[in-house]
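Not measured: the values here are computed from a predicted model.
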Amino acid sequence: MIERTLIILKPDTIIRSNIGNVLSRIEAKGLKISALKMESISKEKAGTHYAEHVGKPFYESLISYITSSPVVLGVIEGDDAITVIRTLCGATDPHKAAPGSIRGDFGFKKGNDIFNVIHASDSQESAKREISLFFKANEIFEYNK
Ligand code: GTP
Ligand code: MG
């Protein structure tokens, strides 16, 4: 089924000049980039996006991390896009993410802090909610590849 999913290239990706490397993995997989922009996520929006993690021990550091510098936001479309992108990303913990996955190749850890390169929606419900949090309808484009 054709799905749309939200990706966020996290601050570490921008700072370490890996935007192109990450987007090329997505393009190589044949998925369509339907929307793309840069934004400094506000604390408020970060809290809405990561609401499911409120109260967890890493919550404050997660919000600091995602708001620490600009991110690149994208809407990716394709057959089973939600699962395909999550598989491309690899495990949350960069030390457990398989080599060849985006997080396995570009992620790192510093003490208890995780720098895992990319966020991707984990279900159709999340994708719908997250896309509408960050994109207006007229910022998402339709075209044929
Ligand atoms: P996202 O695509 O960013 O949502 O990652 P995920 O779906 O693979 O993981 P999850 O939603 O469980 O966690 C969201 C984010 O919180 C992760 O990507 C990490 O940045 C951070 N996080 C999750 N678990 C930990 C943890 O145990 N320690 C730390 N420091 N950060 C964590
Ligand atoms: Mg998640």
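- Counting heavy atoms from C-beta outward, Lys109 and Phe115 have side chains that stay 4.5 Å or more apart.
- Counting heavy-atom neighbours within 6.0 Å of Glu142 CD, excluding the residue itself, gives a total of 12 or less.
- From Ile76, atom CD1 reaches atom CG of Leu6 across 9.0 Å, with rounding to the nearest 0.5 Å.
- The number of heavy atoms from other shown groups lying within 6.0 Å of NZ (Lys145) is above 12.
- Under the 4.5 Å side-chain criterion, counting only non-hydrogen atoms from C-beta, Leu9 is in contact with Leu23.
- Listed for the Ser64 side chain is a donor-acceptor partner under 3.5 Å among the backbone atoms of Glu60.
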Quick one: side chains of residues 78-92, donor-acceptor pairs under 3.5 Å with protein atoms, not counting sequence neighbours, listed by atom name and distance.
| unit_1 | atom_1 | unit_2 | atom_2 | d |
| --- | --- | --- | --- | --- |
| Asp79 | OD1 | Met1 | N | 2.8 |
| Arg86 | NH1 | Ala120 | O | 3.0 |
| Thr87 | OG1 | Thr83 | O | 2.8 |

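- Phe106 and Arg16 get closest at one heavy-atom pair: O-NH1, 3.0 Å.
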Dump the intermediate steps for salt bridge (charged side-chain N to carboxylate O under 4.0 Å, His left out) on Asp93 and Arg103, then the final yes or no. CA-CA 8 Å; Asp93 181 339; Arg103 288 167 167 173; over 6 Å; no
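- Under the salt bridge (charged side-chain N to carboxylate O under 4.0 Å, His left out) criterion, Glu77 pairs with Arg4, Lys32, not counting sequence neighbours.
- Between Val71 and Ile14, the shortest heavy-atom contact is CA-CD1, 3.9 Å.
- When all heavy atoms are compared, the tightest approach of Ile114 to Pro94 is CG2-CD, 3.8 Å.
- Each of Asp105, Ile102, Val72 was scored for a side chain to side chain contact (heavy atoms under 4.5 Å, CB included) with Val22, with one residue passing: Ile102.
- Residues Tyr50 and Tyr59 place their aromatic rings such that the two centres sit no closer than 6.0 Å.
- In this structure, Ser40 and Pro70 approach most closely via the heavy-atom pair OG-CG, 3.8 Å.
- Between the side chain of Thr13 and the backbone N or O of Val117, at least one donor-acceptor pair lies under 3.5 Å.
- With values rounded to the nearest 0.5 angstrom, Arg129 atom CZ is found 10.5 Å from Glu125 atom CD.
- Side-chain contact between His49 and Ile41 is absent, with no heavy-atom pair separated by less than 4.5 Å.
- Both the sub-6.0 Å distance and the 45° axial angle are satisfied by Lys37 relative to the ring of Phe135.
- Between the side chain of Thr67 and the backbone N or O of Ile63 there is at least one donor-acceptor pair closer than 3.5 Å.
- Between the side chain of Glu130 and the backbone N or O of Ala127 there is no donor-acceptor pair closer than 3.5 Å.
- When every heavy atom of Asn138 is checked against every heavy atom of Phe141, the shortest pair comes out as O-CZ, 4.0 Å.
- Ring-centre distance between His95 and Phe108: not below the 6.0 Å cut-off.
- When all heavy atoms of Phe134 and Glu39 are compared, the pair lying nearest together is CD2-OE2, 4.0 Å.
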